[in-house]
Amino acid sequence: MPAAPLPLSGIRVLERADGVAAAYAGRMLAALGAETIMVEPAKGSALRREAPFLPGGASATFAYLAAGKRSVTHDPADTDRWDAYAGLLRSAAILIDDTPLGQRPGDDRAPRAINPGLVHVSVLPYGAAGPKAHWKGEEVNLVHACGEGGLLPNGLTLELFPNRPPLKIYGNFVSYHAGVAGAAGALAALLGGGGQLVDVSIQDVGVALAAMTVQRLGDGVLEHRVTRSFRYGGVFRCADGHIEVITAENHQWTSLVALLEHPEWARDPGFADELERGRRGAEINRHVATWAADKSAADVVARGQKIGVPIAKYRQPRDVLGGEHERSRGLFADVAIPGEGELPILVAPLELDGGALPAPSPPPRLGADQLLMSGAIAASQEGVA
Amino acid sequence: MSKPLAGVRIADFTVHAAGPFCTHMLAQLGAECIKIESQHRPDIFRKPHAVYGRTDAAEFDHVTSGKLSVRLNLKHPKGLALAKSLVALSDVVAENFRAGVMTRLGLGWDELSRVKPDLVMVSVSSSGQSSPDSSFAGYAPLFGAWGALGTLTGYPDGPPVEMRHMMDHAAGLNGALAALAGLRGRAHHGRGSYFDVAARDVASASIGEFLLEAAAGVEPTRWGNAHPGMAPHGVYPARGEDKWLTLAVRTDAEWARLCQVIGRPELADDARFATAEVRLAHREAADALVAEWSAAVEADEAARLLQEASIAAHPSWNAQEIIDDPHMRQRGLIEIVELKSGIRPAVCTPIRFSGAETGVAHHTPELGEHEDYVFGELLKLSRRQRDELEGEQAIY
């Protein structure tokens, strides 16, 4: 457990989020010590109704994203309680907001009109400016709008199913990292003096993460999933699961040959040259696939890593939940989820000062912290007008 | 307007992709980022990469443009001393060597926090510094395999799928967030901090809801392009060779509008598709109806028609289509920069500020290009001292 205070303690964040990206921005800020308050409509954030669902009916998506936060209710059209909301807004340093542009309050009710020192972080599928700023976008659209979807699958999957549609990454990968970018943007704006709009487009974040494909275009290569597969290495089937093997450096290739127990085919002098290995990658992969087929995945991974081969088992979610790595880093913490009981929730993918970040508080019931709207509130320590 | 991190200096020991992406983001936000390499061990991305079938160094520009470069032999006592002097003048140290390497070099957190007590340090590695697997070698596909993201990605009847550079860069982006949090903490609480980002945990964090589902006893399975709560949802053929349309229908009202767009208004009253629940049960039939329509329409036109009906849709794009898109051009995410190798596109930070600039400041530096500034101006070494250090291969 890191020594108090956490780096973002003293920062109050308001969050109006119906989507994963904005909610994850608030989640990461909360994990790092900010007080994150969800401002939900009377019927609750849409995330409370987002699949997948836990056996008791709660949204797993909401439970994960809302852990560590507080909840108040306020509809933007609710004029009766506007003053209370404005007071809360004045007390905040950051507003994370994925409200569609056409539904955002303007003029004297615009967030920065109420609190000029506020960092207003807009997180929208295609950003707050540009011809597509009003377009709707879900993860499947965005992972393909950023170029990565069209480059998947690769390797073994592509060999097996060459004619199927291109594939999205599981879950909400691009949206989560748009949330990370939103949180980073909020902090950069605070460090830069506060009082501005931060515009995060989920598509832009995807393009930035997939920048390699733009780089390759500059090199004169238009990447395609058929041509982007690793020349050698990749996914291989073992007797009890799949493994991943990549040897990017010469010494790793040498170690792989040792793991394979120096087979006759690997003694071909041509394989000493890394470019030649690239040209004969399919041949290498046939040999590795044959070798791996009757092996235990855990066994070859243990032996391979011991001698410096970059090799891993494709672990199941249950392996992650019960993994020694995860236990040693305190990656999961038991949290009481209303209607579901205590379940392990992933805290954050980083440690601070040699220890895990604190376990988050349970995801709040809708409006559980409504007293915060009463005016009896402590202000954020910075960014207050 | 200045950049938000103007005045922040980073001593950047990162190599490959994940760590350099972290500092690349911070550099574009205005930090002065000094990349420390050596002639003996230059960043691997300065070299060809056979496993990708590349005969030139392709990645380097996209994680290094905008940085300054110096050479330091960290295994030479005087090279190490210079590195510490540079850290003493810096706000942030970033590194992504295998766990333990920085400590063995004499540049671990305990040592550097003595050199600079309010330092913010970020380590990005495959399994973190404290894991029993911390010595494991790893690249992006391995992070996805360990973290189960790669395991769950794929067609329902197929094998796992490799994560590629996005996974590296995602780990780096988390490192950038950590550095910013550390800088804020330092500004407010007056103390430094050390962040340890494990890339495999970044992969797991991006499936946190499904890990929670698994913890509750429901084993997540591969969905391909489908979604547990939306149908139709997926990637559909469009007119032309290898052209695809992505589509997601979240509500009953969107389904009714989709029926209008595809010229089948009667389907809005079809009991098989009346609610999200029954559409999920009949997802294959719904997918077939969409595919029958989309296969005859250009992907761009189909997306335009669907968005006009307020339905989430977009073509599946390649890099050229992204660069050519008027929306992307207007947002300025991709700048056209002039490098020694020619004019080429460069991706900037995806964060836009109303009151601050961001973006690519200059090209990828040559190895040691900025030593006059760093060694001469910042560390105040004379030309003669530098020559002697070069002769001893401390600057090398």
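Predicted model only: the values in this text are computed from it and were never measured.
Between A/Phe230 and B/Glu162, some side-chain heavy-atom pair lies under the 4.5 Å cut-off. The shortest distance between side-chain heavy atoms of A/Phe53 and B/Val218 does not fall below 4.5 Å. When side chains are defined from C-beta on, A/His177 does not count as touching B/Met166, because their heavy atoms never get closer than 4.5 Å. A heavy-atom distance below 4.5 Å is not found between the side chains of A/Val140 and B/His227. Put simply, the side chain of B/Arg344 does not reach to within 4.5 Å of the side chain of A/Val214, judged on heavy atoms.
The backbone N or O of A/Leu350 lies less than 3.5 Å from no partner atom in the side chain of B/Asp196, so there is not a single donor-acceptor pair. A distance-only check finds a donor-acceptor pair linking the side chain of B/His169 to the backbone of A/Leu209 [under 3.5 Å]. B/Arg200 places no side-chain N or O within 3.5 Å of a backbone atom of A/His325 that could act as its donor or acceptor partner. Proximity of a side-chain donor or acceptor of A/Tyr64 to a complementary backbone N or O of B/Ala205 within less than 3.5 Å is detected. Between the side chain of A/Arg318 and the main chain of B/Ala214, no donor-acceptor pair closer than 3.5 Å is present. No donor-acceptor pair closer than 3.5 Å links the side chain of A/Glu244 to the backbone N or O of B/Pro141. Formation of a donor-acceptor pair under 3.5 Å by the B/Thr151 side chain with backbone atoms of A/Arg315 is found in this model.
For chain A, the nearby parts of B/Glu213 are the backbone and the side chain; heavy atoms of each come within less than 4.5 Å. Only the backbone of B/Leu247 has a heavy atom closer than 4.5 Å to any heavy atom of chain A. In this structure, the portions of B/Trp146 lying under 4.5 Å from any heavy atom of chain A include both its backbone and its side chain. For A/Ile337, the part lying near chain B is the side chain, with the backbone staying farther off; criterion is any non-hydrogen pair under 4.5 Å. In this structure, chain A has no heavy atom under 4.5 Å from any part of B/Ala176. Residue contact with chain A, scored on non-hydrogen atoms closer than 4.5 Å, involves the backbone and the side chain of B/Leu180 alike. Heavy atoms closer than 4.5 Å to chain B are found in the side chain of A/Glu50, but not in its backbone. Interface residue A/Arg112: only side-chain heavy atoms are found under 4.5 Å from chain B. Interface residue A/Leu32: only side-chain heavy atoms are found under 4.5 Å from chain B. Using a 4.5 Å cut-off between heavy atoms, A/Arg237 does not touch chain B at all. If you measure heavy-atom distances from B/Asp242 to chain A, the contacts under 4.5 Å come from the side chain alone. Contact of A/Leu222 with chain B is made through the side chain alone, with heavy-atom distances under 4.5 Å. A/Ile169 touches chain B through backbone and side chain together, each having a heavy atom under 4.5 Å away. With a threshold of 4.5 angstrom between heavy atoms, A/Glu326 approaches chain B through side-chain atoms but not through N, CA, C or O. Looking at B/Met167, the atoms closer than 4.5 Å to chain A (heavy atoms on both sides) sit in the backbone and in the side chain alike. Within the 4.5 angstrom heavy-atom criterion, atoms from both the backbone and the side chain of A/Val198 approach chain B. In this structure, no portion of A/Leu142 lies under 4.5 Å from any heavy atom of chain B. Only the side chain of A/Leu321 comes within contact range of chain B, judged by heavy atoms closer than 4.5 Å. Interface residue A/His224: only side-chain heavy atoms are found under 4.5 Å from chain B.
For the set B/Gly355, B/Gly229, B/Ser126, the entry with the most heavy-atom pairs within less than 4.5 Å of chain A is B/Gly355. Between chain B and the options A/Pro55, A/Ala129, A/Ala348, the largest number of non-hydrogen pairs under 4.5 Å is found for A/Ala129. For the set B/Gly172, B/Gly144, B/Ser130, the entry with the most heavy-atom pairs within less than 4.5 Å of chain A is B/Ser130. Counting heavy-atom pairs closer than 4.5 Å to chain A, the top residue among B/Ala198, B/Ser134, B/Pro326 is B/Ala198. Each of A/Gly171, A/Pro153, A/Gly150, A/Ala133 has some count of heavy-atom pairs under 4.5 Å with chain B, and the biggest count is that of A/Pro153. Taking A/Val347, A/Val245, A/Leu187, A/Thr157 one by one and counting their heavy-atom pairs under 4.5 Å with chain B, the maximum is reached by A/Thr157. Options A/Glu223, A/Glu139, A/Gln252 differ in how many heavy-atom pairs under 4.5 Å they form with chain B, and the most are formed by A/Gln252. Of all the listed residues (A/Gly206, A/Gly185, A/Gly192, A/Ala178), the one sharing the greatest number of non-hydrogen pairs under 4.5 Å with chain B is A/Gly185. Chain A forms the most heavy-atom pairs under 4.5 Å with one residue out of B/Ala187, B/Gly150, B/Ala178, and that residue is B/Gly150. Interface check for chain B: of the options A/Gly195, A/Ala51, A/Gly130, A/Gly241, the most heavy-atom pairs under 4.5 Å are formed by A/Gly130. Residue with the most contacts toward chain A among B/Ile334, B/Asp133, B/Ile322: B/Ile322 (heavy-atom pairs, distance under 4.5 Å). Between chain A and the options B/Thr349, B/Ile311, B/Leu333, B/Val197, the largest number of non-hydrogen pairs under 4.5 Å is found for B/Leu333.
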Verdict with reasoning, A/Thr213 to B/His165, per side chain to side chain donor-acceptor pair (under 3.5 Å): CA-CA 9 Å; A/Thr213 188; B/His165 297 89; over 6 Å; no
Pair A/Lys168-B/His233, side chain to side chain contact (heavy atoms under 4.5 Å, CB included): steps then yes or no: CA-CA 11 Å; A/Lys168 73 184 283 290; B/His233 178 285; 4.3 Å; yes
Criterion side chain to side chain contact (heavy atoms under 4.5 Å, CB included) on B/His188 and A/Leu190, from CA distance to verdict: CA-CA 11 Å; B/His188 207 76; A/Leu190 274 188; over 6 Å; no
A/Gln203 vs B/Arg331, side chain to side chain contact (heavy atoms under 4.5 Å, CB included): CA-CA, chis, key distance, verdict: CA-CA 11 Å; A/Gln203 181 192 23; B/Arg331 289 189 62 77; 5.8 Å; no
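For the residue pair B/Glu209 and A/Asn172, a side-chain donor N or O sits within less than 3.5 Å of a side-chain acceptor on the partner. Side chains of B/Ser131 and A/Arg329: no donor on one and acceptor on the other come within 3.5 Å.
No option in B/Asp201, B/Ile207, B/Leu211 other than B/Leu211 meets the side-chain contact (heavy atoms from CB on, under 4.5 Å) test with A/Leu346.
A salt bridge is absent between A/Asp204 and B/Arg352: the closest approach of a Lys/Arg side-chain nitrogen to an acidic carboxylate oxygen does not fall below 4.0 angstrom.
Relative ring orientation between B/His314 and A/Tyr126 is described as parallel, the plane-to-plane angle staying below 30° on a 0-90° scale split at 30° and 60°.
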